[in-house]
Structure formats: structure tokens, C-alpha cells
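Here's the structure, in C-alpha cells; my notes come after.
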Amino acid sequence: MSTLTLTNRTFRVIVTRREQRFIDLPARDEADALNRADIIWDRSERHRFNSIIGQPPVEFEIDEEASLHFRDAANDDRADWALTALKAFARAAGTKIDAAGLHALICHLGHYADRNNIDFPAEIEDARAIWAEEKRQGGAS
């Protein structure tokens, strides 16, 4: 049986200098969210921060209250990522983006797991448990 992996939630990271900026980031935990904000800033992707001013930040912090409201958004993000993967698979395999296409993708992931010595049934069970927890925490998504 494989180990359950941490999943991403969305955190609002506040960037403060004289005024505030913010960015909403999916991350495993608060430390990961703060680290990702720092990396984005350092990569000069400042346009991703909602702001009015162009001054460099002095500190990053988590907006606890706003982050509590992102449970649904995080599951919407996860659904969008899955759709991106399903679309790519559908193009490559000639399937449709529907339940049958999803079924084919899951089956083909089993073949990939076999080829790479991954315990597919255990991974499916772990994924099902993580999905159920994310759904429970994040509402219907």
C-alpha cells in the first residue's frame, strides 16, 4: 500500500509593503503557499499579484479568513486540471471527453502503472480516499 500524499488547498497570500497585494495559490500547506508566492515574485511574475502599486514586497503572510473560503475553488481548480489531462488524453487516444473517455484514461493509467512497477489498485484506493476527503472538506465539486 502506498502512502497518502498531501493535497493542495488554496491560500490567500498577502504581500505587504506600504499597501497590500494578494495572490490566491493552491498549495499543500501555508508554508508551501508562502514559498510559492516568493518564487512567483522572484521570477518576475508580479502581474499575477492583484495590486495597484509596483513596490517590492517586504513580507508575505496568509490571510486566514479569506483562505477558509477557498475550499470550493480548490476543488474547481482540481477539476480544471483533470479536464486538461482528459483533453490531452482524448486527443492522443481518439476518445471523447465524457465518462467513456475518463474510463479509458483510468484503464490506461493502470497499464502505465504496470509498466513502471506501481501498485495501481493501491494508488486507486489512495486516490479515492484523498478525493473523498477533498470533496468532504470542499463541498460539491
Side-chain angles (χ1 to χ4, degrees), residues 1-17 19-141:
M1 181 73 104
S2 62
T3 305
L4 292 176
T5 57
L6 294 175
T7 58
N8 287 346
R9 296 181 356 221
T10 301
F11 296 90
R12 173 157 291 163
V13 177
I14 299 172
V15 184
T16 303
R17 175 118 178 137
E19 296 185 34
Q20 289 187 344
R21 302 170 180 233
F22 66 89
I23 184 170
D24 300 331
L25 296 172
R28 289 184 304 275
D29 54 33
E30 291 178 6
D32 187 38
L34 295 172
N35 185 53
R36 292 189 67 201
D38 197 31
I39 290 169
I40 290 168
W41 190 269
D42 288 346
R43 287 185 185 162
S44 297
E45 296 179 35
R46 293 176 177 95
H47 63 279
R48 293 182 60 189
F49 288 82
N50 296 329
S51 67
I52 304 170
I53 58 172
Q55 299 175 353
V58 173
E59 84 182 52
F60 293 105
E61 64 181 296
I62 296 294
D63 182 338
E64 299 285 344
E65 189 172 321
S67 295
L68 291 174
H69 300 288
F70 286 124
R71 290 182 176 143
D72 292 338
N75 283 346
D76 286 341
D77 289 342
R78 292 177 184 113
D80 289 343
W81 300 330
L83 178 59
T84 298
L86 187 55
K87 284 179 179 178
F89 175 77
R91 280 192 304 274
T95 63
K96 292 183 178 180
I97 302 169
D98 59 6
L102 179 62
H103 178 257
L105 173 58
I106 293 168
C107 289
H108 287 46
L109 288 170
H111 296 299
Y112 170 83
D114 289 345
R115 185 176 71 193
N116 291 282
N117 298 317
I118 297 170
D119 184 351
F120 187 64
E123 296 304 326
I124 288 291
E125 181 53 33
D126 286 352
R128 188 212 54 77
I130 292 167
W131 164 80
E133 180 62 19
E134 289 173 352
K135 187 172 180 177
R136 185 189 67 74
Q137 289 181 356
S141 280

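For the numbers below, each heavy atom of this structure counts, side chains included, while hydrogens, waters and symmetry mates do not.
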- Message: In the structure I gave you, are the side-chain heavy atoms of Leu34 and Asp38 within less than 4.5 Å of one another anywhere?
- Response: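 Leu34 does not reach Asp38 side chain to side chain.
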- Task: Report yes if some heavy atom in the side chain of Ile124 is under 4.5 Å from a heavy atom in the side chain of Ile106; otherwise report no.
- Result: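 A side-chain contact exists here, since the closest heavy-atom pair is under 4.5 Å.
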Let me confirm one number: the [atom1]-[atom2] distance from [X] to [Y], rounded to the nearest 0.5 Å.
X: Asn75; Y: Asp80; atom1: CG; atom2: CG; result: 11.0 Å
X: Asp76; Y: Trp81; atom1: CG; atom2: CH2; result: 11.0 Å
X: Thr95; Y: Leu86; atom1: OG1; atom2: CG; result: 6.5 Å

- Side chain of Asn116, backbone of Ile118: donor and acceptor closer than 3.5 Å?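 Not at all, since once roles are kept as given, no pair shorter than 3.5 Å links the two residues.
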- Could I get the full list of side-chain contact (heavy atoms from CB on, under 4.5 Å) partners for Lys87, not counting sequence neighbours?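 For Lys87 the side-chain contact (heavy atoms from CB on, under 4.5 Å) partners, ignoring immediate neighbours, are Leu83, Arg91, Ile97.
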- With sequence neighbours excluded, tell me which residues meet side-chain hydrogen bond (donor to acceptor under 3.5 Å, both in side chains) with Arg128.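 Glu125.
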- Taking all atoms of both residues into account, what is the closest heavy-atom pair of Asp32 and Asp29, and its distance?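 Nearest pair, atom of Asp32 first, then Asp29: N-OD1, 2.8 Å.
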- Message: On a heavy-atom basis, which atom in Ala27 and which in Ala33 lie closest, and how many Å separate them?
- Response: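 The pair with the smallest heavy-atom distance is CB-N, 3.5 Å.
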- Pairs flagged by ring-ring contact (aromatic ring centres under 6.0 Å, His included) wherever residues 100-129 is involved - sequence neighbours left out: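 Passing the test, one end in residues 100-129: Phe89-His108.
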